[in-house]
Amino acid sequence: MSGARPSLGHLGLPVLSIAGSDPSGGAGIQADLKAIAACGGYGMSVVTALTAQNTRGVQGVHVPPVGFLQQQLRSVLSDVPPAAIKIGMLGSAEVIDAVAGELATLEAAGTRPPVVLDPVMVATSGDRLLTPEGEAAMSRLFAHVDIVTPNAPELGALLGDDAASCTADLVTQARRLAREHRVWVLAKGGHVPVEATSSPGGDAAASGSVTDVVVSPEGEVTSLNHPFLTTRNTHGTGCTLSSALATFAARGLDWLGASRAATDYLAAALAGADRLAIGTGHGPVNHLGELWAGAGAPGLGAASAAWQRLAPRAEATYSTSVVVQLGSGQPDAGLMHRYLGQDLAYLVDYADRLDAAAGLAEARGAIEDAAFWAASATACREEEPQLHLQLGAEVPAPDAVTSAYAEHLATAEADGYEALAAALLPCFVLYAEVGARLARALPADANAEARAWVTSYADPGFAASAAEAMDRVDAIAAGADEPTVALMEAAIAESLEREIAFFDR
């Protein structure tokens, strides 16, 4: 995967695709499973419809009995609860209602994960993939999903309008859909005409830019821009994007961060599409192109692998007193005052250790690493405490938990640069993951204290810093011998334990 992709850990979590099949492999569940795997998830599938399909078009659709669809869903959900769900082609109103019913059951049990709905109505080739009754019923699912990913024709159809002919119209329609149904909308701009600005080079020729728009339920708009690539190999783009989106949500990104990561992934898959040369019509995107570019078997970095192994233990964070209280939206004032005060005390020592890492990196000639650690230390001293001070925290004497964490970091520094970098990592990554997860489920009536904390650590900029920290520690480990890598892995595990204890007050 490219350096732009988040590396927040939690690789291999199950992601469920509820969609139709494509025997040619470019769209539907076949594309979903490839995209989920490429983006770091474990793909599962429930088949809603069988198609006779190739790169030239759809020749037939068969929808199995709804009872069998329900049996598939209940079988998977009873054994392998997904970390996210992507919904694609549904085929009929009856199927839509059956899926909505299963999601409602999960909601009643409090176990529904993040859900992405790709409202599949028309294939890239122009073929209709949903019955008229199904198209009319599509909005019934909106009450049970978090984000919808229509292209311009689908967005217009959902609103009973014509397809947007410019980005401004796309934004207007996306805002209307988001506000009416209280969902996030990732409106795809690939069907909106673009002004050509020819640019040579690459696998597919770039000609201007395409703008996707992400709209929150409150109507806040973010534009995502990528080169518009002139290629006929666009089969399954909607399936691919929505599956990537679900996977990045499962890995802990908020909807805006997941949308950025998913559109980046699709842009890369499109850029490499012409290398595949599959079929004689609209060929598929290159789902695994970035993996193949690394000689077919890129290894997972040691730090990322260690964090993945620690994922089950990291789940304990969400049962700690502070995180539970923040997630409720109404945290106990006394608890938060104690936690924020100790966090201020910890940040003083943590900033010193970040400076120490910068000095050790500079001494080795690792100038970019040194700049990253130094900038992080500055943010730790000047930016992060503003949240705590805003919420009324004061710096107390460190308690036993805070002191133990500081002693661990001091030991890691004594063990050398590699161990110190590894020990610093969980404070980046875990906070980004907790912030992103709480942001997705924060109650509407959350008080200012909870909202300020969650907003701060769910910030895409903080997620980017956490991803960069992971990338840099992976790179440090790549140049270390086996005993040093083992020392780094132990430092990461110990820091995680210190973080869990810090959140449990």
Show your working on side-chain hydrogen bond (donor to acceptor under 3.5 Å, both in side chains) between His235 and Asp22 and close with a plain yes or no. CA-CA 10 Å; His235 187 47; Asp22 172 10; 2.9 Å; yes

Could you give the distance from [atom1] ([X]) to [atom2] ([Y]), rounded to the nearest 0.5 Å?
{"X": "Trp255", "Y": "Arg260", "atom1": "CH2", "atom2": "CZ", "value": "15.5 Å"}
{"X": "Trp184", "Y": "Leu256", "atom1": "CH2", "atom2": "CG", "value": "6.0 Å"}
{"X": "His282", "Y": "Arg56", "atom1": "NE2", "atom2": "CZ", "value": "11.5 Å"}
{"X": "Ile500", "Y": "Ser495", "atom1": "CD1", "atom2": "OG", "value": "11.0 Å"}
{"X": "Glu220", "Y": "Thr222", "atom1": "CD", "atom2": "OG1", "value": "7.5 Å"}
{"X": "Tyr457", "Y": "Leu387", "atom1": "OH", "atom2": "CG", "value": "5.5 Å"}

Salt bridge or not between [X] and [Y]? Use side-chain N to carboxylate O under 4.0 Å.
{"X": "Arg309", "Y": "Glu489", "result": "yes"}
{"X": "Glu315", "Y": "Arg437", "result": "yes"}
{"X": "Arg179", "Y": "Glu218", "result": "no"}

Would Glu433 and Arg251 count as a salt bridge (charged side-chain N to carboxylate O under 4.0 Å, His left out) if you check the C-alpha gap in whole Å, the side-chain angles of each, and the deciding distance to 0.1 Å? CA-CA 8 Å; Glu433 291 181 354; Arg251 293 184 61 190; over 6 Å; no

Do [X] and [Y] have side-chain heavy atoms sitting under 4.5 Å apart?
{"X": "Val61", "Y": "Leu50", "result": "no"}
{"X": "Pro119", "Y": "Val148", "result": "yes"}
{"X": "Leu266", "Y": "His226", "result": "no"}
{"X": "Val115", "Y": "Ile87", "result": "yes"}
{"X": "Val285", "Y": "Thr237", "result": "yes"}
{"X": "Pro426", "Y": "Trp307", "result": "yes"}
{"X": "Val66", "Y": "Val95", "result": "yes"}
{"X": "Thr111", "Y": "Pro81", "result": "no"}

Whether [X] side chain and [Y] backbone form a donor-acceptor pair below 3.5 Å:
{"X": "Arg175", "Y": "Gly219", "value": "yes"}
{"X": "Ser75", "Y": "Gln71", "value": "no"}
{"X": "Lys86", "Y": "Ala19", "value": "no"}
{"X": "Ser456", "Y": "Trp453", "value": "no"}
{"X": "Gln53", "Y": "Gly60", "value": "no"}
{"X": "Asp161", "Y": "Gly156", "value": "no"}
{"X": "Asp474", "Y": "Ser304", "value": "yes"}
{"X": "Thr105", "Y": "Gly101", "value": "yes"}
{"X": "Thr48", "Y": "Met89", "value": "yes"}
{"X": "Ser17", "Y": "Ser45", "value": "no"}

Heavy-atom closest pair, residues [X] and [Y]:
{"X": "Arg451", "Y": "Ala444", "result": "NH2-O, 3.3 Å"}
{"X": "Lys188", "Y": "Glu154", "result": "NZ-OE1, 4.5 Å"}
{"X": "Thr317", "Y": "Thr320", "result": "O-OG1, 2.6 Å"}
{"X": "Ala273", "Y": "Pro284", "result": "CB-O, 3.7 Å"}
{"X": "Ile96", "Y": "Ala137", "result": "CG2-O, 3.9 Å"}
{"X": "Gly281", "Y": "Arg232", "result": "O-NE, 3.4 Å"}

Within 6.0 angstrom of [X] [atom1], more than 12 heavy atoms from elsewhere:
{"X": "Tyr318", "atom1": "OH", "result": "yes"}
{"X": "Tyr42", "atom1": "OH", "result": "no"}
{"X": "Gln70", "atom1": "CD", "result": "yes"}

Checking Tyr265 against Phe248 for the ring-ring contact (aromatic ring centres under 6.0 Å, His included) test, could you report, in this order, the C-alpha distance in whole Å, the side-chain angles of both residues, the deciding distance, and whether it holds? CA-CA 11 Å; Tyr265 165 71; Phe248 285 120; 7.3 Å; no

Can you list the steps and then say if Ile85 with Ile18 is a side chain to side chain contact (heavy atoms under 4.5 Å, CB included)? CA-CA 7 Å; Ile85 295 174; Ile18 305 173; 3.8 Å; yes

Let me see the working for Ile147 and Val185 under side chain to side chain contact (heavy atoms under 4.5 Å, CB included), right down to the final yes or no. CA-CA 5 Å; Ile147 189 167; Val185 177; 5.9 Å; no

CA sep, side-chain torsions, deciding dist, call: Val183, Asp146, side chain to side chain contact (heavy atoms under 4.5 Å, CB included): CA-CA 5 Å; Val183 293; Asp146 299 290; over 6 Å; no

Should Glu384 and Tyr431 be marked as a side-chain hydrogen bond (donor to acceptor under 3.5 Å, both in side chains) after you check the CA-CA gap, both sets of side-chain angles, and the distance that decides it? CA-CA 12 Å; Glu384 203 165 352; Tyr431 267 71; over 6 Å; no

Taking it one step at a time, do Asp32 and Ser243 satisfy side-chain hydrogen bond (donor to acceptor under 3.5 Å, both in side chains)? CA-CA 5 Å; Asp32 294 345; Ser243 297; 2.6 Å; yes

side-chain hydrogen bond (donor to acceptor under 3.5 Å, both in side chains) assessment of Asp212 paired with Thr263: CA-CA 8 Å; Asp212 302 321; Thr263 53; 5.1 Å; no

Pair Val76-Val46, side chain to side chain contact (heavy atoms under 4.5 Å, CB included): steps then yes or no: CA-CA 8 Å; Val76 172; Val46 165; 4.3 Å; yes

